[in-house]
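Note sheet for the following structure.
Only a predicted model underlies this, so the values are computations on that prediction, with no experimental measurement involved. Order of the sequence lines fixes the chain letters, A, B, ..., with proteins taken first and strands second; residue numbering starts at 1 for each chain.
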There are 2 protein chains.
Amino acid sequence: MIDQRLITLRVFARCGTVGATAELTGYSPSAVSAQLRELQRVLGMQLLTKDGRGVRLTATGRFLVAGSDTLIAEWETLRAAAMEAGDQVQSHFGLGGFSTAAAQLLAPLAATLRSTRPLLEVQVLEANPSRCFDLLVAERIDLAVIVAMQSDTYGEDDPRFEQTVLLDDPLDVILPADHPLAARQTVTLEELASEPWITEAAGSTYHSLFTAAFTAVGVTPRIAHEAVEWETQIAFVGAGLGVGLLPRLAPLHSAENVVRLRITGKGKPARRIVAAVRRGSIASPLIQESLDILQKTAQRILTTRPEDEA
Amino acid sequence: MIDQRLITLRVFARCGTVGATAELTGYSPSAVSAQLRELQRVLGMQLLTKDGRGVRLTATGRFLVAGSDTLIAEWETLRAAAMEAGDQVQSHFGLGGFSTAAAQLLAPLAATLRSTRPLLEVQVLEANPSRCFDLLVAERIDLAVIVAMQSDTYGEDDPRFEQTVLLDDPLDVILPADHPLAARQTVTLEELASEPWITEAAGSTYHSLFTAAFTAVGVTPRIAHEAVEWETQIAFVGAGLGVGLLPRLAPLHSAENVVRLRITGKGKPARRIVAAVRRGSIASPLIQESLDILQKTAQRILTTRPEDEA
DNA sequence: ACCTATCATGCACCTATTGCGCATGGTTAT
DNA sequence: ATAACCATGCGCAATAGGTGCATGATAGGT
């Protein structure tokens with residue numbers, strides 16, 4: 001119920017370029033340009049200035065965007081309360097999630113909703129966490145399941161979002177099947193200090209988790225190889241190129257020459273998986289039910305894999 | 001920046017019928033009907049129910065409308081703050097006012113704004129106080145100068161508006177020129193207790209003022225005639241049909257056979273003239289400047305007519 | 001210093017939203 | 001029973017708002 005052009009402005013404020021805004025909102029660049037111009041005309045404010053080959057928010061623009069956070073939140077709250085009060089049904093529901101999270105958590109959620117609310121059309125978008133937040137702002141999705149990351153551009157207390165912890169997905173070690181430690185049940189990070197490690201590229205989502213885990217135990221691992229996909233990493237490990245960390249939610253599939261070991265000791269790395277919604281919308285019945293389902297799914301995942309007793 | 005359809009719903013919540021909403025917003029009844037239907041579709045809420053030959057808000061609808069008050073106010077605040085922060089100029093400004101108020105206060109305001117802000121298009125609408133509030137809700141006007149009335153449908157603390165007192169316009173007595181008291185400078189209400197009074201129709205804007213004035217001094221006046229226009233009332237008085245109360249701002253024009261006397265004593269009736277704006281918008285520079293001009297104009301009116309010393 | 005990639009934006013064209021007028025059907029009041 | 005009133009559906013027209021391409025401007029690479 002907030003004017004689309006203001007939403008567009010907010011997305012622009014995030015990504016800084018008309019083209020990116022267009023890509024994110026689903027409009028063409030021309031449309032975004034026109035919308036922003038219209039917005040300025042209607043409000044009688046100059047919100048943008050030319051800056052090099054791009055455009056940049058003016059002070060007024062930044063002010064407006066900053067202030068609109070509470071406005072959006074207020075609307076979401078109102079909407080949620082009205083839905084609650086009149087127990088109305090929503091017609092569309094957009095979900096966003098990242099790789100394994102999407103597969104393991106979002107798929108059951110979508111399936112459940114599809115059966116409990118037949119006339120609700122659920123749409124799932126796979127996207128990385130940062131983009132999920134963008135999609136939330138752009139109102140393309142209503143709920144995102146992502147991996148919480150420290151030092152992200154989106155803080156945990158961003159006024160635009162509300163986040164709920166779903167589960168801590170522990171990281172396991174994967175070893176070549178012929179590795180000396182492969183027969184063990186568990187292993188500590190210290191025992192693997194001198195191994196050649198296979199990790200993601202520096203700066204990627206999980207790389208910081210990787211380093212954090214080792215700094216916690218005071219060890220500096222040697223990074224031998226880098227991979228971007230879990231599958232690739234597993235293949236590398238299977239080829240005997242080194243060892244790696246794999247979230248427990250990520251399936252090992254049919255990698256016969258790779259074993260998965262749980263980590264014990266004080267360095268027990270985990271990735272925190274959270275659900276994020278637009279601030280205010282959390283009171284919505286649909287969001288509530290979804291969070292409930294996600295929590296239950298998360299619990300089920302943790303209990304059907306009874307580990308981590310220490 | 002709030003969706004037009006929500007504005008329309010709010011207007012509908014005021015007047016209760018699609019036709020009246022159409023008249024107030026400037027749309028056709030079909031358009032209002034379509035807008036409300038669209039709103040329900042987009043939000044996925046049932047906001048209206050058939051009720052006899054009309055439609056009625058559902059509980060959800062009422063809830064939404066009630067909650068939207070703060071949303072609108074929040075937006076107005078944000079808009080005002082942004083205008084203030086970036087000292088931007090507004091392009092359109094709608095004023096509403098009632099009869100003498102409009103003439104005496106709004107006309108100077110419009111004239112001043114026209115000279116100080118040449119590229120601002122000012123629109124003045126004459127409308128009665130109740131309609132002025134409706135027009136504010138409908139966003140047809142941005143500022144209204146009205147006569148404050150107790151027991152109106154719009155309370156002084158309505159969450160949708162903010163009101164500023166401009167002046168208390170005292171009521172004078174008008175007498176036929178040949179009346180025994182006509183030569184006096186001042187008169188008390190008690191002295192006129194037994195006169196035949198000419199007033200507006202019961203239930204009208206000023207009738208309550210009339211009765212309030214007399215109950216204050218413990219006198220029950222005899223109402224002989226009723227008129228709806230000041231001019232008519234003055235003509236009645238001129239014809240010797242009785243006496244009446246006339247706001248000081250209302251000009252006597254060329255009524256040669258009528259004299260105007262000030263009222264002394266403890267019953268000194270006055271009509272309170274206030275400016276009303278949508279809540280939140282009061283911080284806007286344009287509104288601020290307008291209120292300033294109105295206050296000054298009101299002061300000038302009161303001082304150039306130096307009276308009321310008791 | 002040129003060339004190229006990148007961006008925003010204007011223009012021409014098109015679509016579909018959206019508003020209006022009129023007619024219809026349902027409902028209350030006389 | 002008839003009349004008045006109200007909301008709404010339908011056909012039609014206008015226009016707001018979309019896309020795609022071309023243009024102009026700028027930064028960076030060579």
- prompt: Between A/Arg114 and A/Glu121, is there a side-chain N and carboxylate O pair less than 4.0 Å apart?
  reply: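 Here A/Arg114 does not pair with A/Glu121 in a salt bridge, since their nearest N and O are not under 4.0 Å apart.
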- request: Find the distance B/Gln35:CD to D/dA7:C1' and express it as a whole number of Å.
  value: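 These atoms are roughly 15 Å apart.
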- prompt: How long is the line joining CG of B/Leu36 and P of D/dT8, in whole Å?
  reply: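 Value for this atom pair: 8 Å.
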- prompt: First contact, last contact: which nucleotides of DNA chain C are these for chain B, 5' to 3', heavy-atom distance under 4.0 Å?
  reply: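 Range of nucleotides within reach of chain B: C/dG19 to C/dT28.
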Is there a donor-acceptor pair closer than 3.5 Å between any side-chain N or O of [X] and the backbone N or O of [Y]?
X        : Y        : result
B/Ser33  : B/Pro29  : no
B/Gln288 : B/Ile282 : yes
A/Arg279 : A/Phe161 : yes

message: Quick check on side chain to side chain contact (heavy atoms under 4.5 Å, CB included): which of B/Val11, B/Thr25, B/Leu125 does B/Leu135 satisfy it with?
response: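 The passing option is B/Leu125.
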- prompt: If you check the B/Val18 side chain, which of D/dT8, D/dG17, D/dG18 turns out closest?
  reply: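 Given the options D/dT8, D/dG17, D/dG18, the side chain of B/Val18 is closest to D/dT8.
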message: Given D/dA27, D/dT8, D/dC5, identify the nucleotide with an atom nearest to the side chain of B/Lys50.
response: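 Given the options D/dA27, D/dT8, D/dC5, the side chain of B/Lys50 is closest to D/dT8.
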- prompt: In terms of the nearest nucleotide of DNA chain D, which residue is placed more toward the 5' end: A/Arg53 or A/Val32?
  reply: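 Comparing both residues, the 5'-ward one is A/Val32.
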task: For A/Asp51 and for A/Glu38, locate the closest nucleotide of DNA chain D by heavy-atom distance; then report the residue assigned to the nucleotide nearer the 5' terminus.
output: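 Between the two, 5'-proximity favours A/Glu38.
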query: With a 3.5 Å cut-off and no angle check, do the side chains of A/Thr58 and A/Gln46 form a donor-acceptor pair?
result: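 There is no such pair (donor and acceptor under 3.5 Å, judged by atom type) between the side chains of A/Thr58 and A/Gln46.
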query: Has the side chain of B/Ser30 got a donor or acceptor that lies under 3.5 Å from a partner of the other kind on the base of D/dG9?
result: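 Counting by modelled atom types and ignoring angles, a donor-acceptor contact under 3.5 Å is found here.
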message: At 4.0 Å (heavy atoms only), tell me whether A/Ser28 reaches a base, stays on the sugar-phosphate, or touches nothing.
response: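 Counting heavy atoms under 4.0 Å across all strands, the contact made by A/Ser28 includes a base.
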